[in-house]
*Asks:* 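Just dropping this structure here.
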Protein chains: 2
Amino acid sequence: MNVKQFAERVGLSPHTIRYYDKLGLLGEVRRGPNGHRYFSERDLEWIGFVHRLRDTGMPVEQMLEYARLRAEGDTTMAARQAVLECHAEALDAHIRQQQAHLDNLTRKIAWYRQQLAGKTGS
Amino acid sequence: MNVKQFAERVGLSPHTIRYYDKLGLLGEVRRGPNGHRYFSERDLEWIGFVHRLRDTGMPVEQMLEYARLRAEGDTTMAARQAVLECHAEALDAHIRQQQAHLDNLTRKIAWYRQQLAGKTGS
DNA sequence: TCTTGACTGAGAGTTCACTCCAAGGCGTAG
DNA sequence: CTACGCCTTGGAGTGAACTCTCAGTCAAGA
């Protein structure tokens, strides 16, 4: 499939796809005889993974590191695992933090609710 | 307390404090006769709240709206509650999403673990 | 008196991750 | 033949949220 279709299926803009490709995030992208990029289902899987990492706040730089390791083949599996474990840990901490903030916020909202109920009731 | 001490206690840089003040996020900040800002414990509480909102991804623009409502007094409590409820909802969605991503990631890590265990074992 | 270390405001610079533009090349439909 | 709708590239522009620089002021201490 071409860039547009690919972008659509993955939920990114064609601009972003080309941008990621330029960075080297997509590895070896096949090209047609006219120079156009051509994406496969496997590319779809990979960019989906990349997209998820991005969504969880991994910096582009670190994703690039992972991509480079992946390109090197099976010998780098342990390193890749380490990167993911590190990220998973950070993500877990982030989620806990956000949850704590949400709890806090919920209490504040409850307080507002009480205040307003009191006003209405009097 | 002065800007530096205030910044330290809240976990932001003095630059950021001045920046927030310039935006109008801090409301009426008291000044000494030399023009220096002077912060109280109550300011500390407020900026702590602001800081938490920021941490949960609320755009500065929206925090500003909340700050303006707060400055208007008790008549805006319902509006403020609405802002917070809206944000809480978004935050909850965000947390769920991140948790889903984390689960995904955890599975991938488990897969790596299995692969590597297999290699070592053979 | 001079240095140090705080403060001030205006405004320029930085970082990140896109996002877009200009100029041009193919391939098909009218 | 021409218009359309894809695609290509390098490089410029954008927006958010800081972050810093500069030039100047003030107060305390050696």
Side-chain angles (χ1 to χ4, degrees), chain A residues 1-40 43 47-68 87 90-91 94 98 101, chain B residues 1-40 43-44 47-68 87 90-91 94 97-98 101:
Chain A
M1 81 200 86
N2 63 20
V3 187
K4 199 187 187 188
Q5 299 166 322
F6 186 62
E8 226 156 66
R9 284 193 54 183
V10 81
L12 292 167
S13 77
H15 285 314
T16 305
I17 300 296
R18 281 192 280 264
Y19 166 66
Y20 280 179
D21 186 23
K22 185 153 58 175
L23 290 181
L25 261 183
L26 305 188
E28 299 275 296
V29 174
R30 262 171 299 165
R31 300 282 185 136
N34 48 11
H36 292 195
R37 292 173 185 81
Y38 178 80
F39 298 95
S40 66
D43 292 327
I47 201 161
F49 178 63
V50 164
H51 192 19
R52 248 171 288 132
L53 286 184
R54 194 61 211 90
D55 250 18
T56 54
M58 182 183 281
V60 165
E61 197 48 53
Q62 205 177 339
M63 299 196 310
L64 206 47
E65 190 196 328
Y66 186 89
R68 275 192 292 259
H87 183 58
L91 182 52
H94 171 76
Q98 297 291 304
H101 285 331
Chain B
M1 81 201 86
N2 63 19
V3 185
K4 198 187 188 188
Q5 298 167 321
F6 186 62
E8 226 155 66
R9 285 193 54 182
V10 80
L12 292 168
S13 77
H15 285 314
T16 306
I17 299 295
R18 280 192 280 264
Y19 167 65
Y20 279 0
D21 186 23
K22 185 154 57 175
L23 291 182
L25 260 184
L26 306 188
E28 299 273 298
V29 174
R30 261 172 299 165
R31 301 281 186 138
N34 48 10
H36 293 195
R37 292 173 186 80
Y38 178 80
F39 298 95
S40 67
D43 291 327
L44 207 57
I47 201 161
F49 177 63
V50 164
H51 192 19
R52 249 171 288 131
L53 286 184
R54 195 60 211 90
D55 250 19
T56 54
M58 182 183 280
V60 166
E61 197 48 53
Q62 204 177 341
M63 300 196 308
L64 207 47
E65 189 196 327
Y66 187 90
R68 276 192 292 259
H87 183 58
L91 183 52
H94 171 76
Q97 168 92 139
Q98 296 292 303
H101 284 331

*Asks:* For A:Gln62 and C:dC16, what is the distance between atoms CD and P respectively, to the nearest whole Å?
*Replies:* 13 Å
*Asks:* May I ask you to say what A:Tyr38 touches in the nucleic acid, namely base, sugar-phosphate or nothing, with a heavy-atom cut-off under 4.0 Å?
*Replies:* nothing
*Asks:* Measuring to OP1 and OP2 of C:dA6, would you say a side-chain N or O of B:Asn2 lies under 4.0 angstrom away?
*Replies:* no
*Asks:* Can you label the angle between the B:His94 ring and the A:His94 ring as parallel, tilted or perpendicular, going by 30° and 60°?
*Replies:* perpendicular
*Asks:* With heavy atoms under 4.0 Å as the rule, sort A:Pro14 into base, sugar-phosphate or nothing.
*Replies:* nothing
*Asks:* Could you state the NZ-C1' distance from A:Lys4 to D:dT8, rounded to the nearest angstrom?
*Replies:* 16 Å
*Asks:* Pull out every residue in residues 21-35 of chain B that has a heavy atom closer than 4.0 Å to any atom of DNA chain C, ordered by number, or say none.
*Replies:* B:Lys22, B:Arg31, B:Gly35
*Asks:* Do any side-chain nitrogens or oxygens of B:Tyr20 fall under 4.0 Å of OP1 or OP2 in D:dA17?
*Replies:* no
*Asks:* When rounded to the nearest 0.5 angstrom, what distance separates CZ in A:Arg37 from CE in A:Met1?
*Replies:* 14.5 Å
*Asks:* Using modelled atom types only, decide if a donor and an acceptor are shared between the side chain of B:Gln5 and the backbone of B:Asn2 within a distance under 3.5 Å.
*Replies:* yes
*Asks:* Could you tell me whether the side chain of A:Gln98 and the main chain of B:Gln98 form a donor-acceptor pair under 3.5 Å?
*Replies:* no
*Asks:* Which part of the nucleic acid does B:Arg18 contact within heavy-atom distance under 4.0 Å: base, sugar-phosphate only, or nothing?
*Replies:* base
*Asks:* Side chain of B:Tyr19: nearest nucleotide among D:dC18, D:dC6, C:dA17?
*Replies:* D:dC18
*Asks:* Counting side-chain heavy atoms from C-beta on, which of D:dC7, C:dA17, C:dT8 comes nearest to B:His36?
*Replies:* C:dT8
*Asks:* Could you go step by step and tell me if A:Asp21 and A:Arg31 meet the salt bridge (Lys or Arg N to Asp or Glu O under 4.0 Å) rule?
*Replies:* CA-CA 12 Å; A:Asp21 186 23; A:Arg31 300 282 185 136; 3.7 Å; yes
*Asks:* To the nearest 10 degrees, what angle separates the axes at the start and end of the helix from C:dT1-D:dA30 to C:dG30-D:dC1, five pairs each?
*Replies:* 30°
*Asks:* Tell me which nucleotide among C:dC7, C:dG9, D:dC18 gets nearest to the side chain of B:Arg37.
*Replies:* C:dG9
*Asks:* What is the distance from NE2 of A:His51 to P of C:dC18, rounded to the nearest Å?
*Replies:* 9 Å
*Asks:* Separation of A:Arg54 atom CZ from C:dT19 atom C1', in whole Å?
*Replies:* 15 Å
*Asks:* How long is the line joining NE2 of A:His15 and C1' of C:dT19, in whole Å?
*Replies:* 6 Å
*Asks:* Rounding to a whole Å, what distance do you find between A:Asp55:CG and C:dA17:P?
*Replies:* 13 Å
*Asks:* Is it the case that the side chain of A:Arg52 and the backbone of A:Thr56 share a donor-acceptor pair, with hydrogens and angles ignored and the cut-off at 3.5 Å?
*Replies:* no
*Asks:* Is B:Leu26 close to B:Val29 at the side-chain level, that is, under 4.5 Å between some pair of heavy atoms?
*Replies:* yes
*Asks:* Does the pair B:Ile47 and B:Leu12 meet the rule for a side-chain contact (heavy atoms from CB on, under 4.5 Å), with working shown?
*Replies:* CA-CA 10 Å; B:Ile47 201 161; B:Leu12 292 168; 4.2 Å; yes
*Asks:* I want to know whether A:Phe6 and A:Tyr38 have ring centres closer than 6.0 Å.
*Replies:* no
